[in-house]
Amino acid sequence: MKVTFKDVTLSYDGKKDTLKHLNFEIPDGSLVSLLGPSGGGKTTTLNLISGLLPATKGQIFFGDDDVTKKDALARKVGMVFQNYALYPHLSVRDNIAFPLKMQKVKKAERYKRAEELAKLVHVDDQLDKKPGELSGGQQQRVAIARALAKSPSLLLLDEPLSNLDARLRIEMRQEIRRIQRETGVTTIFVTHDQDEALHISDNIMVLAHGTIQQFSTPTALYEEPSNLFVAKFIGEPVINTLPAEALKADLVASVPASILARAVTAGVRSEAIVPFDNGQGMVAAIHAGLRHAQKYGREATAELSYNGEVLLSTEMADLPQAQTEGDFFLTKAGFFLFDEAGALIFGGDSHDQ
Amino acid sequence: MAKKLSKILLYAIVTLGAITMLIPFLWMLSTSLKTAPETIKVPPIWIPKSLQWGNYIKAWSEAPFARYFVNSVVVTSVTTVGQLFTSILAAFAFARLKFFGKNLIFVIFLGTMMIPGEMLIIPNFVTLSKLGMIDHYAALIVPWLASFFTVFTLRQAFQSTPEQIYYAAKMDGATDWKYLWTVLVPMSKSTITAVTVLQVIGSWNAFMWPLIVTNTETMRTLPVGLQAFTTDAGTEYQLLMAASTFVIIPMVILYMFLQKYIIAGISKAGLKG
């Protein structure tokens, strides 16, 4: 089911405009992550989609249906809560079948459906247990099965992996992707973990300060952040930022003067600082001091001192340990300039205008 | 060593407490098996010379205890079921629903708990007599169909269940009514059992109110019926104690069966009986 927000605004608890003028469209059958820092409006946006919170202004559409005034039940969404919210007194089978029981589906039929779903989420050997006897990952699977039981218009997941340990998280996020592919249900997933979002989403919506910072594919988010906030939020290690002033002398050859005049902040991904011109488009050559810092696993980081700024690079592993300075290059990919308001004015695909 | 000593001390105190609680019961049992002269003997004797089992038969036939028994069962069960029903609904409203003046109403109800029960006896009696309910089952039951103590206790239990389960149930298509009876009540089983048992015991043992609102013998409950052994000529202690024993036996059995739930429920809700 396609979801469309038309100028949706929410104000509540006396705070004004918790969410401001949201406009977006989530394509049918896709998996979308709502990503952002705590308090940025992710869960609130999810609650607006589910109908648990009514919009103050604006319209929400499911397909061509205006559902703005409909509650969660009428919108037929399936939801997985952060703490799973399973019914502790019911068996796994009865938990999954509960939504069907509420719809007065016959017992034999709803148990059959519960068993199918249990098979889909791989808990078919746990059907007679109570939720309390299951591990966190299994409870998560049951919660997903229950949410899918009523063939929902949308599957919504509110930070579903945050209660799981690291290894299980990776397994469960792949499971969620698999289940989503197998059922084809449009899925919306709230997370504050960019790694999670980047790995499983078709599209990511970055929310902060009650507005959409960017809504695009994971690749575009990384390669073409629409503003400084997104550039800093996405990527590990965090993008190098420095005043554009410090770089200007080295950029005059490659960046138009009109853009350079407006540039306030420069962002350089750590993999965009390379020791040799690899012929893939360089935006600047810089002379900088070098200090090899840490090496762990297949990753090595080095600190470059340049015009009083420290830049982190992950591409210096092959240089001799003794080298303390040199001429380095900044690749076009992974180099961005932002104006005073933080908007992207150079870099990604939008450069050379 | 110090740990062991404190454990010994702890057990000593607990044992002392248990004995203190048990002595009246043992005295009741012992007295119920004595002859009339033995009951008032000084110094008191604990073990009668010959056990007077006949006291039980005599006590049972001295007053219409079968009728009292039926009355007690009817009053206790109707009061408990009715009170539980209204309390569950009210507790749910206070715990989960949003409505105008909720907190104010709650505080006012809470305030009613501060009024001593004795103060209400006269106004309640007047009200019921104007309604023509005196000397009917209604007088024994209706005033107890609502109990804020039960409401309050259940509200605490309901509030301690995760709110997300409420939202989950709503999304799964459960109405408030369905959620209450198929999710919230089963989830709060231990607290509900605890308040039920407390109510059953309270209702079963109630003396003052049934005494005041009933006149005819056929409407009396067991505790009131025990008065039969106190006459102008004195009290027949051995019969009174024999009757008291069979009056409390159903409660003892009930408690033994539900002990596990009662303790769990009481400690969970943080309430005192």
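Throughout, a chain's letter reflects where its sequence line sits, starting with A, and its residues are numbered from 1. No experiment lies behind these values; they were computed from the predicted model shown.
Neither the backbone nor the side chain of A:L100 comes within less than 4.5 Å of any heavy atom of chain B.
Atom CZ of B:F109 is surrounded by 12 or fewer heavy atoms from other residues, nucleotides or ligands within 6.0 Å. In this structure, B:M208 places its CE atom where only 12 or fewer heavy-atom neighbours from other residues, nucleotides or ligands lie under 6.0 Å away. More than 12 non-hydrogen atoms from other residues, nucleotides or ligands lie less than 6.0 angstrom from CG of A:D165. Heavy atoms from other residues, nucleotides or ligands lying under 6.0 Å from CZ of B:F25 number 12 at most.
Minimum heavy-atom separation, B:I165 to A:L86: CD1-O, 3.3 Å.
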Give each N or O donor-acceptor pair spanning chain A and chain B at a distance under 3.5 Å, with atom names and distance to 0.1 Å, or state none.
from   : atom 1 : to     : atom 2 : distance (Å)
A:N83  : ND2    : B:Q164 : OE1    : 2.7
A:Y87  : OH     : B:A169 : N      : 3.3
A:Y87  : OH     : B:D172 : OD2    : 2.8
A:H89  : NE2    : B:T182 : O      : 2.8
A:K150 : NZ     : B:M171 : O      : 2.1

| request: Check step by step if side chain to side chain contact (heavy atoms under 4.5 Å, CB included) holds for A:L73 and B:M171. | output: CA-CA 5 Å; A:L73 182 57; B:M171 286 194 157; over 6 Å; no
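Between B:P186 and A:L90 the shortest side-chain heavy-atom distance does not fall below 4.5 Å.
Top candidate by heavy-atom pairs under 4.5 Å with chain B, chosen from A:A74, A:P88, A:A72, A:P152, is A:P88.
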